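Written below as structure tokens is the structure these notes are about.
In this text the structure is predicted, and so the values were computed from the model without any measurement. The figures that follow rest on heavy atoms only: side chains count, while hydrogens, waters and symmetry mates do not.
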Amino acid sequence: MTVQTSNCARFRPIGILRLAALVLLSWLAVAPACAQSSLGSGFDHNRTGFALTGPHLGADCTSCHQAGRFKGTPQRCAGCHNGVTAIGKNTKHPPTSSLCESCHAVSSFKQVRYDHSQAFGTCAACHNGTLARGKTTTHIVTSAPCESCHKNTAFFISRAMDHTGITSGCATCHNSIKAKGKPTSHVVTTAACESCHKSTVTFAGATFSHAGIVSGCASCHNGATAKGKPTTHVATTAACESCHKSTTTFVGATFSHAGIVSGCASCHNGTAAKGKSATHVATTAACESCHKSTTTFVGATFSHAGIVSG
């Protein structure tokens, strides 16, 4: 008796062998690609939720998927960039608790931005001219911490210098380079700033010390650098100090009439200097025709010459 066998039973061993061969061939085909990079594989890495960009595109798959591990592969930079699996922070890296990706772009480790909200330590620990920009050569000389003046971490301008305890040496900074210095209209002097300027918040209200100054007043009192002659001043080319003897007030100046024998009315007109009173004798005669003294109006003798009526 002949036993019939089905086609399925007859070819089952062959089918199993074929399946095993296909699996083997499939594994051999995929394995080399995975050992290379995503550029040479047909696998769509975007489906994992971690898109490969920049240098990651050409990275060897096994540099991240070590020992054939796929599930649980770190997606945060520090998971691989820890100095063991991949390059991590160097010894000169600024101290921070921020995530790598907060500052570094995937395309490069070159710093593109720095998140100061996660920084710890003093500013100078990084802003020392090596890790990050530090003091410029024109920076004011100070040992104060950066943050005592610089309150903004986005830019260095808009700073306020703490002058607490500074009572001398102003010109070492206030030289028009490091800090605002004398304007072109400043009084000509070699005196220290602090001898006149007593406030460290404003230049206004400075009082100039005239001690020892007895001449050359007009070099400053010219109406530009310091208060000069008003428009009602007596017309004269005499030096200020010939009449003004006080360096604290212009009041009380005594005009020297030496050598003046005519033209009194050019000053004694009631504006520049005292003129005729309301009770003065009506006359068109020159002042000096009656008033012979230049120190007082008393004692004047009226000349009646030519007066015969009225």
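For the atom pair CG of Asp60 and NE2 of His65, the computed distance is 10.5 Å after rounding to the nearest 0.5 Å. The line from CG of Leu99 to NE2 of His104 is 11.0 Å long, rounded to the nearest 0.5 Å.
Annotation for Phe302: hydrophobic cluster partners, listed by chain and number, are Val281, Ile307 (ILVMFWY side-chain heavy atoms under 4.5 Å, direct or chained).
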Scan the side chains in residues 75-83 for donor-acceptor partners under 3.5 Å anywhere in the protein, sequence neighbours excluded, and list what turns up.
residue: Arg76; atom: NH1; partner: Glu101; partner atom: OE2; Å: 2.8
residue: His81; atom: ND1; partner: Ile87; partner atom: O; Å: 2.8
residue: Asn82; atom: OD1; partner: Val84; partner atom: N; Å: 2.8
residue: Asn82; atom: OD1; partner: Thr85; partner atom: N; Å: 2.9
residue: Asn82; atom: ND2; partner: Gly79; partner atom: O; Å: 3.3

Enumerate donor-acceptor pairs with a distance under 3.5 Å from any side-chain N or O in residues 189-200 to protein atoms, sequence neighbours excluded.
residue: Thr189; atom: OG1; partner: Ala191; partner atom: N; Å: 2.9
residue: Glu194; atom: OE2; partner: Gly169; partner atom: N; Å: 3.0
residue: Ser195; atom: OG; partner: Ala192; partner atom: O; Å: 2.5
residue: His197; atom: ND1; partner: Phe203; partner atom: O; Å: 3.3
residue: Lys198; atom: NZ; partner: Glu194; partner atom: O; Å: 3.0
residue: Lys198; atom: NZ; partner: Ser195; partner atom: O; Å: 3.4
residue: Ser199; atom: OG; partner: Val201; partner atom: N; Å: 3.2
residue: Ser199; atom: OG; partner: Thr202; partner atom: N; Å: 3.3

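Closest non-hydrogen pair, Lys151 versus Glu147, comes out as NZ-O, 3.0 Å. Scanning all heavy atoms of the two residues, the minimum distance from Ala51 to Asn46 falls at CB-OD1, 3.2 Å. Of all the heavy atoms in Val234 and Ala272, the pair that sits closest is CG2-O, 3.8 Å. Pairing each heavy atom of His257 with each of His268, the nearest pair is NE2-NE2, 3.9 Å. Minimum interatomic distance between Lys178 and Val141 (heavy atoms only, all atoms of both residues): NZ-CG2, 3.7 Å.
Formation of a donor-acceptor pair under 3.5 Å by the Lys245 side chain with backbone atoms of Thr254 is not found in this model. No donor-acceptor distance shorter than 3.5 angstrom exists from the side chain of Lys227 to the backbone of Gly223, with no hydrogens or angles considered.
Residues Ile177 and Met161 fall into different hydrophobic clusters, defined by Ile, Leu, Val, Met, Phe, Trp and Tyr side chains chained together at heavy-atom separations under 4.5 Å.
The distance between the ring centers of Phe250 and His221 falls below 6.0 angstrom.
Below 30°, between 30° and 60°, or above 60°: for Phe50 and His45 the angle between ring planes is above 60°, a perpendicular geometry.
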